[in-house]
Amino acid sequence: MKYAEKALTVLANGAWIVFSRLNRIRRRPSFIPPWSDKPLLKSWEKTKPQLGWPRTTDSLCPKCVIEARERILNDEQDYQTLLTDNIGEIKATILERDGQILMVKDCPTHGHFEDVISIDPAFFKHLEETFPGRDIRAHADEALHNHGTSTILYGRGSVLTIDLTNRCNMMCDPCFMDANQVGFVHELALDEIKQILDNAISIKPRRQMSVQFSGGEPTLSPHFLDAIRYARKVGYKVIQAATNGIEFAKRPEFAREAAEAGLRYAYLQFDGIGNAPNSHRGVGNLFDVKLRAIENLFNAGLSIIPVVTIVNGVNNQQVGRIVEFALDNPRKIAFLAFQPVSFTGRDEKITDERRHAQRYTLSHLAHDVKQQTGLGEPTRDWFPISFMSTFTEWADLVHGPEAQWGQATCGCHPNCGVGMAMMLDKETKEAVPVTAFLNGERLARDVAEVNDAARGWWLSILGMTLAILRNYDPFNAPKHLTLVALLKKFNKKLSASESKRAKNDDQTVEAKRLAEIAQRRGNRWNFLFIAGMWFQDLFNYDFRRTEMCIIPYGTQQGEISFCAYNTGVGWRQIIEKMHMTAKLTKWYEEHGRHEIFAGGHNVPLDSTEHTLTINPEAVLVGAQTDLDELCIPKTPREEKLRARANRIRKAAVDAEQETDMKNLYRQHVLKQPLMVQIQSSRRSKL
Ligand code: SF4
């Protein structure tokens with residue numbers, strides 16, 4: 001079979017050469033679909049920010065920004081200055097030094113800052129070189145994209161995040177949005193949620209996006225299920241919840257209700273295998289909670305995406321174990337989302353020492369996956385997430401000029417997000433990077449050529465098929481993978497076949513949902529996507545990235561890039577305060593206190609049963625001790641405690657030295673008897 005396929009790929013290569021030549025003759029102009037006022041872009045019309053290095057870009061001073069934000073929060077400065085005054089903005093240079101790519105910048109007031117943005121220049125170069133360019137410039141958006149230099153300028157984004165509440169039932173340290181710590185509640189009412197979703201479909205290009213309900217903990221909002229239903233009602237196909245999983249672990253029926261309301265994915269906070277790597281979140285049985293949540297969510301028909309915040313020296317050794325966990329549970333884990341740590345929220349005032357020790361970049365991730373699992377060559381198998389946009393633009397082309405929505409696409413900056421696609425045989429668990437058997441870069445160039453010709457459905461399908469065939473190497477593919485199965489996966493991902501869509505329209509919503517689950521779970525092959533998104537912080541902030549952000553927050557003040565909302569000038573605190581629902585005390589009076597699991601307490605679970613495959617050795621591995629061995633604190637709280645202990649210790653030493661000096665003076669100048677220092681019992685405990 002592999003030999004027959006090989007022969008077919010050789011034939012396809014010949015056919016492609018003819019097809020490609022003919023296809024360049026009188027290419028058709030791109031059409032303007034109903035979901036955009038601008039035509040689809042030809043590959044040569046796509047713009048790019050300056051890439052390569054050394055280069056200069058616009059960034060922020062980590063100190064100036066915090067000071068300005070505090071003035072705004074204290075009503076000493078109008079927030080409108082954020083729209084006009086380039087608050088805290090400084091130039092930064094991206095350069096190579098000692099085999100690393102760095103961002104270096106100087107603030108006239110606060111001095112020099114520098115941080116690592118890649119430990120592998122070749123990998124960084126590969127990502128920037130395979131970046132296909134920006135999506136259609138955003139339009140019909142003036143009212144919603146209006147945030148000064150933090151404004152999103154390009155594309156439509158791929159994940160619309162809506163915070164339902166800033167309340168949370170955990171108290172993580174660190175937490176990027178300071179949940180339960182700001183002294184007031186910001187909780188959207190249902191009509192505000194509906195308004196944000198109505199606003200979202202008014203922006204063009206009107207592309208499909210995943211609508212992500214987040215927080216705090218979104219499941220605490222009384223409007224959680226209605227919000228899901230409304231997002232489906234306005235036309236979004238994929239709804240997900242960024243959740244810690246506690247409510248789903250406690251109540252299987254809640255998972256069913258969410259699935260029937262239209263939830264598709266649980267974006268599940270997940271820091272490692274076993275309770276040890278999750279211990280920094282302060283819940284004693286957190287790993288058992290995750291396993292129970294996955295079980296209940298899966299049984300309800302949902303797919304689970306573990307979302308892993310990676311901190312160097314804290315849980316980076318979990319990368320391989322988490323990939324293994326996904327490979328061992330191919331029917332339950334659809335996708336892996338790694339998020340290198342971003343020092344925001346409770347971590348914004350991090351010390352340089354801890355920042356440099358804990359810094360983790362996308363290049364670390366590609367290397368750790370390879371070192372810890374043997375999977376993937378960084379510069380062959382990892383691509384910027386936006387690499388996929390050439391394929392989604394092909395989908396826009398074959399969906400044609402009548403389609404009401406553009407295909408969901410990821411057009412982010414190459415420094416923002418990366419991914420490696422694995423083809424996973426759910427029966428044998430054989431896993432192979434897709435670009436080990438598909439020439440990814442040439443396939444993308446071929447598909448761009450098909451897009452540029454802008455032919456009709458049949459010729460575009462033919463072009464894509466020939467491109468896949470000629471770039472396919474059956475001998476490097478998984479043992480049981482066939483070309484037909486591969487083409488079916490592409491068709492499913494890009495929903496190319498018209499007929500498929502027609503069939504779905506006359507089914508009830510529930511019947512369609514169950515059919516879709518059965519079809520998805522029945523398929524032997526899984527495209528397991530191992531993705532990394534590196535949210536910015538004030539030390540590596542780059543406005544070129546936020547301009548093309550693919551994770552807009554839907555807020556009461558328009559749509560703002562995730563990084564501008566949570567880090568950058570920090571629109572979150574400003575908007576949440578402007579639109580606070582109630583002061584905490586008043587909220588507790590009216591609604592009572594919500595349950596918070598912290599301080600090592602367990603979440604009460606009816607059962608810890610699950611059907612997941614877990615490597616028992618991985619569960620027994622204790623917490624990482626790299627930073628302890630270096631005497632570097634792991635969390636803001638540890639840092640604060642250590643700083644206070646150091647201050648007290650220094651004060652004691654200073655007092656001792658002062659006494660010594662005074663004694664020397666008394667003895668040698670005043671010729672008087674020595675003074676004796678009395679140590680208090682409290683000090684001796686330190
Ligand atoms: S959220 Fe931040 S890292 Fe992600 S695409 Fe937007 S700007 Fe880039």
Side-chain angles (χ1 to χ4, degrees), residues 48-49 51 57-60 65 89 92 94 103 115-118 124 127-128 131-135 138 145 147-163 176-177 203 207 209-212 214 240 242 267 305 307-310 335 337-345 348 359-365 382-389 392 408-419 529 531-555 558-572:
K48 294 184 178 185
L51 298 172
T57 188
D58 297 304
S59 184
L60 292 167
V65 165
E89 289 183 32
I94 293 177
M103 176 181 276
D115 210 324
V116 176
I117 54 177
S118 183
F124 196 73
L127 295 178
E128 297 202 338
F131 169 62
R134 293 167 174 144
D135 193 9
H145 285 159
H147 305 94
T149 44
S150 295
T151 301
I152 295 174
L153 301 176
Y154 298 94
R156 182 65 194 97
S158 52
V159 181
L160 173 71
T161 301
I162 301 175
D163 280 357
F176 78 92
M177 50 80 60
I203 293 179
R207 286 188 177 283
M209 308 164 82
S210 299
V211 173
Q212 172 166 279
S214 186
Q240 59 193 56
Y267 214 61
I305 303 175
V307 183
V308 191
T309 302
I310 301 278
F335 189 106
F338 288 102
Q339 298 176 349
V341 65
S342 159
F343 299 116
T344 69
E348 206 166 38
R359 181 56 83 191
Y360 192 85
T361 70
L362 296 171
S363 52
H364 285 87
L365 176 65
W382 289 83
F383 289 84
I385 292 180
S386 36
F387 181 77
M388 289 309 294
S389 59
T392 53
T409 192
C410 294
C412 58
H413 191 286
N415 303 166
C416 286
V418 298
F529 203 58
M533 174 142 288
W534 186 18
F535 299 123
Q536 304 178 76
D537 54 42
L538 289 171
F539 303 95
N540 52 36
Y541 202 85
D542 185 346
F543 281 93
R544 294 300 83 71
R545 293 176 56 181
T546 43
E547 287 164 357
M548 42 202 294
C549 180
I550 59 165
I551 309 198
Y553 264 89
T555 77
E559 288 194 9
I560 305 172
S561 143
F562 180 106
C563 286
Y565 194 63
N566 292 308
T567 54
V569 287
W571 283 90
R572 170 190 289 282

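Remember, it's 1-based here, ligands and their atoms both numbered in the order they're listed.
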Only one of Y553, F535, W571 passes ring-ring contact (aromatic ring centres under 6.0 Å, His included) with Y565, and that residue is Y553

Between T57 and D542, a side-chain donor and acceptor under 3.5 Å = yes

Do you see a donor-acceptor pair shorter than 3.5 Å between the side chains of T546 and S561?
-> no

Could you tell me which non-hydrogen atom of C549 sits nearest to which non-hydrogen atom of F562, and how far apart they are?
-> SG-N, 3.8 Å

Closest contact, heavy atoms only, T555 versus I560 = OG1-CD1, 4.3 Å

Between T361 and S363, is there a donor-acceptor pair closer than 3.5 Å when you use the side chain of the first and the backbone of the second?
-> yes

Run through the protein N/O/S atoms less than 2.8 Å from atom 8 (Fe) of ligand 1 and write them out by chain and number.
-> C416 SG

